Amino acid sequence: MGTPPQLTPQQREAALAKAAASRKRRAEVKAQIKSQELTIESVFALAQTDDAVGKMRVKELLESFSGVGKVRAVAMMERLNISPTRRIQGLGRHQLNELRQEFMKPDMAIRPGRLIVLSGPGGVGKSTVAKQLRGAQDFWVSISATTRKPRSNEVDGRDYFFVSDEEFSRMIAHDEFLEWAEFAGNRYGTPQRAVEDALRQGRNVLLEIEIAGAKQVKTHLPQSLLVFLEPPTWEELVSRLEGRGTDGAERRAQRLELAQEELAAAAFFDVVLVNDQVESVVQRLVELAQN
Ligand code: ADP
Ligand code: 5GP
């Protein structure tokens, strides 16, 4: 091998900038594959004119498709005799055709995501579980609209869309909710469009909502799975509500009274999970979504 060419500092800087732009472009393409904006065919087409895409490793490309993942990508490449370091622009015509065939097999077709509705008495740990699931792969957690005022640790657009009473009424009038309900003096609703889009893209969706709303979802979408979260004991529920420190004494008493009624609703649900450990509840929800 000859010695590498000597680069001036400007040339080195330009080369580094080009490499960074290529990485960014590949990350964009992978995100578009994940959200199903791009098919394997459209990536092959892009790779002919876009050098950054052409240089993407086949392994990275395959792993980006939801439902393929690392293990299946490696198995597919071994079966088709594609070396682990091969880039898209290095694929022969025959290999391109074989990959196209793989993606036409029925089990590669997009399966709509699973809709899981998590409900249970206030203070049982629903939002704690939902927060953890937000980071889980292939899970999308819906963000509700509410007329409740934000708590000090809450962020608009992350925890809720905090809206005025007038805006909430407008959303009802325009049929923008999959369900909505009143709870402890405020209104809460699930924006329908975002949920439908996520399901269509094959993502599993979690709604963390109260019981009346959960029942409405089951009526509209019978394929949804209603999961009821129970506290290990009543005392533990009381202590969690107190420990959270977000409600004054009067509001807490109101929420506990409501919780007694809410606990009786478990029988209506498809699955009951006891929230003793947040991690094991999260694990169970991921398993339920895969079934
Ligand atoms: P919800 O959304 O059902 O009203 P939160 O998620 O706000 O309930 O949880 C209420 C309180 O209980 C919080 O302080 C939270 O940290 C705590 N908590 C949640 N899950 C558990 C658990 N498995 N063990 C102990 N504490 C928990
Ligand atoms: P919090 O005020 O404690 O955030 O929520 C109060 C209750 O409203 C909780 O039981 C929560 O699950 C529920 N909730 C949150 N978003 C929605 C929603 O979009 N629809 C319904 N029906 N309930 C919701």
Side-chain angles (χ1 to χ4, degrees), residues 115-134 140-163 167-168 171-172 176-196 205-221 224 226-248 251-252 254-263 265-266 268-269 272-285:
L115 177 60
I116 295 193
V117 183
L118 183 67
S119 215
V124 70
K126 299 182 296 295
S127 52
T128 307
V129 167
K131 211 168 274 168
Q132 291 241 352
L133 256 187
R134 206 159 257 158
W140 183 79
V141 179
S142 164
I143 302 170
S144 299
T146 183
T147 58
R148 170 166 76 61
K149 296 280 166 286
R151 295 178 183 139
S152 59
N153 59 344
E154 289 178 326
V155 176
D156 187 33
R158 184 193 69 185
D159 300 285
Y160 281 107
F161 295 110
F162 294 99
V163 299
E167 174 63 3
F168 201 96
M171 292 173 87
I172 296 174
E176 290 181 21
F177 289 126
L178 171 60
E179 61 71 40
W180 70 270
E182 194 162 325
F183 183 91
N186 293 299
R187 290 187 290 175
Y188 298 81
T190 305
Q192 174 151 11
R193 179 80 182 276
V195 170
E196 284 176 352
V205 170
L206 184 87
L207 307 185
E208 184 257 286
I209 61 179
E210 54 69 64
I211 289 149
K215 289 181 176 174
Q216 290 175 46
V217 175
K218 191 73 177 180
T219 309
H220 294 311
L221 303 168
S224 56
L226 300 197
V227 178
F228 191 86
L229 205 55
E230 259 184 359
T233 60
W234 172 255
E235 290 71 27
E236 176 64 20
L237 182 66
V238 176
S239 114
R240 283 184 195 176
L241 259 179
E242 285 177 357
R244 188 168 66 180
T246 51
D247 304 294
R251 198 146 174 86
R252 243 178 9 242
Q254 191 188 15
R255 282 189 182 248
L256 278 173
E257 203 172 306
L258 259 174
Q260 265 169 339
E261 287 171 33
E262 289 174 318
L263 278 170
F268 183 83
F269 281 67
V272 176
L273 298 179
V274 177
N275 180 18
D276 39 16
Q277 297 283 329
V278 175
E279 292 70 26
S280 47
V281 172
V282 168
Q283 180 59 31
R284 266 307 277 145
L285 290 172

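Read the numbers this way: they start at 1 and go in the same order the structure lists the ligands and their atoms. Hydrogens, waters and symmetry mates are skipped; everything else that's a heavy atom, side chains included, is used. Everything numeric here is computed off the predicted structure, so don't read it as measured data.
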Q | Under 3.5 Å: donor-acceptor pair, side chain of E154, backbone of R151 | A | yes
Q.
Taking F228's backbone N and O only, do any of them form a donor-acceptor pair with S119's side chain (distance below 3.5 Å, no angle check)?
A. no
**Q.** Ligand-side contact atoms (ligand 1) for residue partner V278, heavy atom cut-off under 4.0 Å
**A.** 20 (N), 21 (C), 22 (C), 23 (N)
**Q.** Min heavy-atom dist F177 to ligand 2 below 4.0 Å
**A.** no
Q.
Polar contacts were defined as any N/O atom of the residue lying under 3.5 Å from an N/O atom of the ligand; does this apply to G123 and ligand 1?
A. yes
**Q.** Identity and distance of the protein heavy atom lying nearest atom 7 (O) of ligand 1
**A.** R244 NH1, 2.8 Å
Q.
Distance under 4.0 Å to a non-hydrogen atom of T128: what atoms of ligand 1 satisfy this?
A. 5 (P), 6 (O), 9 (O), 15 (C), 19 (C)
Q. For G122, is the nearest heavy atom under 4.0 Å from an atom of ligand 2?
A. no
Q.
So that I know where these two stand, are Y188 and F177 an aromatic pair - ring centroids less than 6.0 Å apart?
A. no
Q | Selection from K149, R148, E179, R151 by shortest heavy-atom distance to atom 3 (O) of ligand 2 | A | R151
Q) Going by the atom numbers of ligand 2, which of them fall below 4.0 Å from some non-hydrogen atom of A181? A) 22 (N)
Q.
As a check for students: among R255, R244, E208, identify the option with a heavy atom nearest to atom 11 (C) of ligand 2.
A. E208
**Q.** Options V117, L229, I209, ranked by nearest heavy atom to atom 18 (C) of ligand 2, top entry
**A.** I209
Q: Mind checking whether D276 contacts ligand 1 via backbone (N, CA, C, O), side chain (CB onward), both or neither, at a 4.0 Å heavy-atom cut-off?
A: backbone
Q: Would you check, one step at a time, whether the test side-chain contact (heavy atoms from CB on, under 4.5 Å) holds for E279 with Q132?
A: CA-CA 8 Å; E279 292 70 26; Q132 291 241 352; 4.1 Å; yes
Q: Keeping the roles fixed (side chain from E210, backbone from G213), state whether a donor-acceptor pair exists under 3.5 Å.
A: yes
Q) Identify the closest protein heavy atom to atom 16 (N) of ligand 2: which residue and atom is it, and at what distance? A) S144 OG, 3.0 Å
Q. Hey, does the side chain of E230 reach the backbone of L263 with a donor-acceptor pair shorter than 3.5 angstrom?
A. no
(Q) Under 4.0 Å from a heavy atom of G122: which atoms of ligand 1 are those, numbered in the order shown and with their elements? (A) 4 (O)
Q) Given R255 and F183, is the side-chain contact (heavy atoms from CB on, under 4.5 Å) satisfied, shown in steps? A) CA-CA 9 Å; R255 282 189 182 248; F183 183 91; 3.9 Å; yes
Q: Would you mind telling me which of L226, L221, L206 makes a side chain to side chain contact (heavy atoms under 4.5 Å, CB included) with L115?
A: L221
(Q) Quick test: of every protein heavy atom, which one is nearest to atom 9 (C) of ligand 2, and how far off is it to 0.1 Å? (A) K126 CE, 4.0 Å
Q | Under 3.5 Å donor-acceptor, K126 side chain and L229 backbone | A | no
Q) Can you find an N/O atom of A145 closer than 3.5 Å to an N/O atom of ligand 2? A) no
Q) Is it true that Q216 lies under 4.0 Å from ligand 2, counting heavy atoms only? A) no
Q. Which one holds for F183 and ligand 2: side chain close, backbone close, both close, or neither close, with close meaning a heavy atom under 4.0 Å?
A. side chain
Q) Are the side chain of R252 and the backbone N or O of D247 linked by a donor-acceptor pair below 3.5 Å? A) yes
